[in-house]
Amino acid sequence: MSDLSVRPAGADDRPVLERLWLMFQHDMSQFREVLPFPDGTFRSERLRSALDDADWAAYLLASGDRPVGFALVRGLTGQGRVLNSFFVVRGARRSGFGLRGVREVVARHPGAWEIAFQDDNLTAVRFWRRAAAAIAPGAWTEERRAVPSRPDLPPDVWISFKA
């Protein structure tokens with residue numbers, strides 16, 4: 001698994017992104033104590049925004065013809081970008097695809113960036129610190145911010161840098 005493509009996702013990619021979204025939300029549910037809706041789905045307004053809102057962008061990560069993940073970016077029309085959601089399927093993790101994917105997405109939108117993750121997601125903690133160090137060596141910051149409307153949850157960790 002050495003080939004990776006990162007491309008903007010379009011309307012034809014919606015079904016693939018919706019299936020990847022379910023996997024992403026399943027993984028994240030362990031850190032946010034979220035259960036699926038009765039029909040087995042999760043909230044998906046961020047995915048809809050990434051596909052339909054001009055201030056957002058969705059990217060599909062693929063290895064050959066196989067989808068391996070996605071990236072959702074918001075804040076395209078403002079001063080700073082937020083990597084709102086990022087996911088690599090388990091079978092493609094630890095292959096270098098994640099870091100390569102993040103680098104490619106960030107390179108498409110130069111400027112200020114922010115990325116949030118949870119302290120108890122140890123894999124994400126290691127990955128995002130490594131990614132920030134690779135993209136902005138010695139020039140990134142980390143802070144904790146309360147989760148809006150969820151005082152019951154621990155704060156999110158936010159990494160900020162310029163690319």
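Ile115 places none of its side-chain heavy atoms less than 4.5 Å from the side chain of Phe86. With a 4.5 Å cut-off on side-chain heavy atoms, Gln25 and Val34 do not count as touching. Between Arg108 and Leu76, the closest side-chain pair of non-hydrogen atoms is not below 4.5 Å.
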side-chain contact (heavy atoms from CB on, under 4.5 Å) between Val125 and Val157, intermediate numbers included: CA-CA 9 Å; Val125 170; Val157 179; 5.8 Å; no
Worked verdict on Leu61 versus Phe87 for side-chain contact (heavy atoms from CB on, under 4.5 Å): CA-CA 9 Å; Leu61 285 64; Phe87 176 70; over 6 Å; no
Verdict with supporting geometry, Glu18 and Arg48, side-chain contact (heavy atoms from CB on, under 4.5 Å): CA-CA 9 Å; Glu18 287 171 345; Arg48 282 193 305 275; over 6 Å; no
CA sep, side-chain torsions, deciding dist, call: Gln30, Gln118, side-chain contact (heavy atoms from CB on, under 4.5 Å): CA-CA 11 Å; Gln30 109 182 56; Gln118 295 72 43; over 6 Å; no
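Remark: the backbone N or O of Trp113 is not paired with any side-chain donor or acceptor of Arg81 at under 3.5 angstrom. A donor-acceptor distance shorter than 3.5 angstrom exists from the side chain of Ser63 to the backbone of Asp3, with no hydrogens or angles considered.
Evaluation of the ring-ring contact (aromatic ring centres under 6.0 Å, His included) rule for His109 yields Tyr59 as partners, not counting sequence neighbours. Checked against side-chain contact (heavy atoms from CB on, under 4.5 Å), Ala134 has the following partners two or more places apart in sequence or in another chain: Leu99, Arg103. Take Arg94 and apply the salt bridge (Lys or Arg N to Asp or Glu O under 4.0 Å) test, not counting sequence neighbours, and it matches no residue. Partners of Asp13 according to the side chain to side chain donor-acceptor pair (under 3.5 Å) rule, which considers only residues two or more places apart in sequence or in another chain, are Arg7. Here Asp39 pairs with nothing under the salt bridge (Lys or Arg N to Asp or Glu O under 4.0 Å) rule; sequence neighbours left out. Applying the salt bridge (Lys or Arg N to Asp or Glu O under 4.0 Å) rule to Arg93 yields the partners Asp27; only residues at least two apart in sequence or on another chain are considered. With sequence neighbours excluded, the residues forming a side-chain contact (heavy atoms from CB on, under 4.5 Å) with Ala50 are Trp56, Ala58, Leu72, listed by chain and number. Partners of Asp53 according to the salt bridge (Lys or Arg N to Asp or Glu O under 4.0 Å) rule, which considers only residues two or more places apart in sequence or in another chain, do not exist here.
Remark: Leu17 CG to Asp12 CG distance equals 11.0 Å, nearest 0.5 Å. Between atom NZ of residue Lys162 and atom CD1 of residue Ile135 there is a gap of 15.5 Å, rounded to the nearest 0.5 Å. Note that the CH2 atom of Trp128 and the CD1 atom of Ile159 stand 8.5 Å from one another [nearest 0.5 Å]. Note that the CG atom of Leu4 and the CD atom of Glu104 stand 6.0 Å from one another [nearest 0.5 Å].
For residues 129-141, every residue pair satisfying the side chain to side chain donor-acceptor pair (under 3.5 Å) rule, not counting sequence neighbours, is listed here: Arg129-Glu142. For residues 71-80, every residue pair satisfying the side chain to side chain donor-acceptor pair (under 3.5 Å) rule, not counting sequence neighbours, is listed here: Asp55-Thr77.
Exactly one of Ser5, Pro8, Pro67 qualifies for a side chain to side chain contact (heavy atoms under 4.5 Å, CB included) with Leu60. That residue is Pro67.
Counting Ile, Leu, Val, Met, Phe, Trp and Tyr side chains that sit under 4.5 Å apart, directly or through other members, Trp158 shares a hydrophobic cluster with Val82. As a member of the Ile/Leu/Val/Met/Phe/Trp/Tyr network built from side-chain separations under 4.5 Å, Leu153 groups with Val147.
Annotation: Arg66, atom CZ; neighbour count of heavy atoms from other residues, nucleotides and ligands within 6.0 Å does not exceed 12.
Pairing each heavy atom of Phe127 with each of Gly98, the nearest pair is CZ-C, 3.6 Å. The two residues Ala146 and Pro155 come nearest to each other via the heavy atoms N-CB, 4.0 Å.
Residues Phe24 and Phe70 bring their aromatic ring centres within 6.0 Å.
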